[in-house]
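Only one structure is covered here, and it is reproduced in the block below.
Side chains are part of it too, since the values below use all heavy atoms of this structure and drop only hydrogens, waters and symmetry mates.
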Amino acid sequence: MKTILTYGTFDLLHVGHVRLLERAKALGDHLVVGLSTDEFNEIKHKSSFLPYDQRKEILEAIKYVDKVIPETCWEQKVSDVKEHGVDIFVIGEDWAGEFDFLREHCEVVYLTRTKDISTSSLKGRLG
Ligand code: C2G
């Protein structure tokens, strides 16, 4: 069984997120998502519209997602890779290069982002 790991805030879930999750899952059999907690979002200088528990419930309803774990800090990735037996770490290309240090523990794949959609643009349109 090939385990995939990714991380994100996944606020106001949209097709950019879903297509990332779809492509990540297609690389293996079991997809673990590290979901940024509200507190970690502050560290990321990112506020989410929906609280962690709702973002988690929504992600768990996505057919590509097998497990959601909390992302509470930048430093947890290596231990998460080991704890969950991760074969491939996947994230959007906006992070290209940032997580190359994981290459000694697992494969690292940066996927293209879906164009013309983002949580911040949705929030802007909502007014
Ligand atoms: N994404 C995408 N296309 C978009 C928007 C987002 O492919 N139009 C991808 C991002 O590249 C990321 C995932 O969807 O891989 C989740 O996006 P965010 O919730 O914005 O994640 P981010 O805040 O970048 O958190 O430790 C890593 C961070 O927690 C990543």
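In terms of the side chain to side chain contact (heavy atoms under 4.5 Å, CB included) criterion, residue partners of Leu102 (sequence neighbours excluded) are, by chain and number, Lys77, Val78, Val81, Phe89, Phe99, Cys106, Val108.
The hydrophobic clustering, which links ILVMFWY residues whose side-chain heavy atoms are closer than 4.5 Å, places Tyr64 and Phe10 together. Residues Leu27 and Val68 share a hydrophobic cluster, clusters being chains of Ile/Leu/Val/Met/Phe/Trp/Tyr side chains in contact below 4.5 Å. Under the 4.5 Å side-chain heavy-atom criterion for grouping Ile, Leu, Val, Met, Phe, Trp and Tyr, Val15 is connected to Leu122 within one hydrophobic cluster. Using a 4.5 Å cut-off between side-chain heavy atoms of Ile, Leu, Val, Met, Phe, Trp and Tyr, with links allowed through other members, Ile58 and Ile69 fall into different hydrophobic clusters. Residue Val90 is not grouped with residue Tyr7 when hydrophobic side chains (ILVMFWY) are merged at heavy-atom distances under 4.5 angstrom, including chains of intermediate members.
Between Leu31 and Ala24, the shortest heavy-atom contact is CD1-CB, 4.1 Å. Closest heavy-atom contact between Lys123 and Leu12: CG-CD1, 3.7 Å. Considering every non-hydrogen atom in both Ile43 and Thr72, the closest pair reads CD1-O, 4.4 Å.
Considering CD1 of Ile4 and CG of Leu21, their distance stands at 12.0 Å, rounded to 0.5 Å. Atom-to-atom distance recorded for Leu13:CG and Gln54:CD is 13.0 Å, nearest 0.5 angstrom. Atom CG of Asp11 sits about 9.0 Å away from atom CG of Asp38, to the nearest 0.5 Å. We find the OG1-NE2 distance between Thr3 and His84 to be 9.5 Å, quoted to the nearest 0.5 Å. Between atom CG of residue Leu111 and atom CG of residue Asp94 there is a gap of 10.5 Å, rounded to the nearest 0.5 Å. Taking CG from Leu35 and CG from Leu59, the interatomic distance works out to 5.5 Å, rounded to the nearest 0.5 Å.
The local environment of NZ in Lys44 is crowded, with over 12 non-hydrogen atoms from other residues, nucleotides or ligands closer than 6.0 Å. The 12-atom threshold is not exceeded at CD of Glu57, counting heavy atoms of other residues, nucleotides or ligands nearer than 6.0 Å.
For the residue pair Glu71 / Ser36, a side-chain donor-acceptor distance below 3.5 Å is found, with atom types taken as modelled.
Between Val109 and Arg23, the closest side-chain pair of non-hydrogen atoms is not below 4.5 Å. Within the 4.5 Å cutoff, the side chain of Lys25 has heavy atoms near those of the Asp66 side chain. Side-chain contact between Phe40 and Gln76 is absent, with no heavy atoms from C-beta onward closer than 4.5 Å. Between Thr114 and Leu20 there is no side-chain heavy-atom pair separated by less than 4.5 Å.
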Test log, rule side chain to side chain contact (heavy atoms under 4.5 Å, CB included), inputs Thr119 and His14: CA-CA 8 Å; Thr119 302; His14 54 65; 3.5 Å; yes
As a quick check of understanding, evaluate side chain to side chain contact (heavy atoms under 4.5 Å, CB included) for Val86 and Val32, giving each step before the final call. CA-CA 9 Å; Val86 172; Val32 179; 5.6 Å; no
Which pairs would a plain distance check flag for residues 45-52, meaning a side-chain donor or acceptor within less than 3.5 Å of a matching protein atom at least two apart in sequence or in another chain?
residue : atom : partner : partner atom : Å
Ser48   : OG   : Leu50   : O            : 2.8
Ser48   : OG   : Arg55   : NE           : 3.3

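The aromatic rings of Trp74 and Trp95 are tilted relative to each other, their planes meeting at an angle between 30° and 60°.
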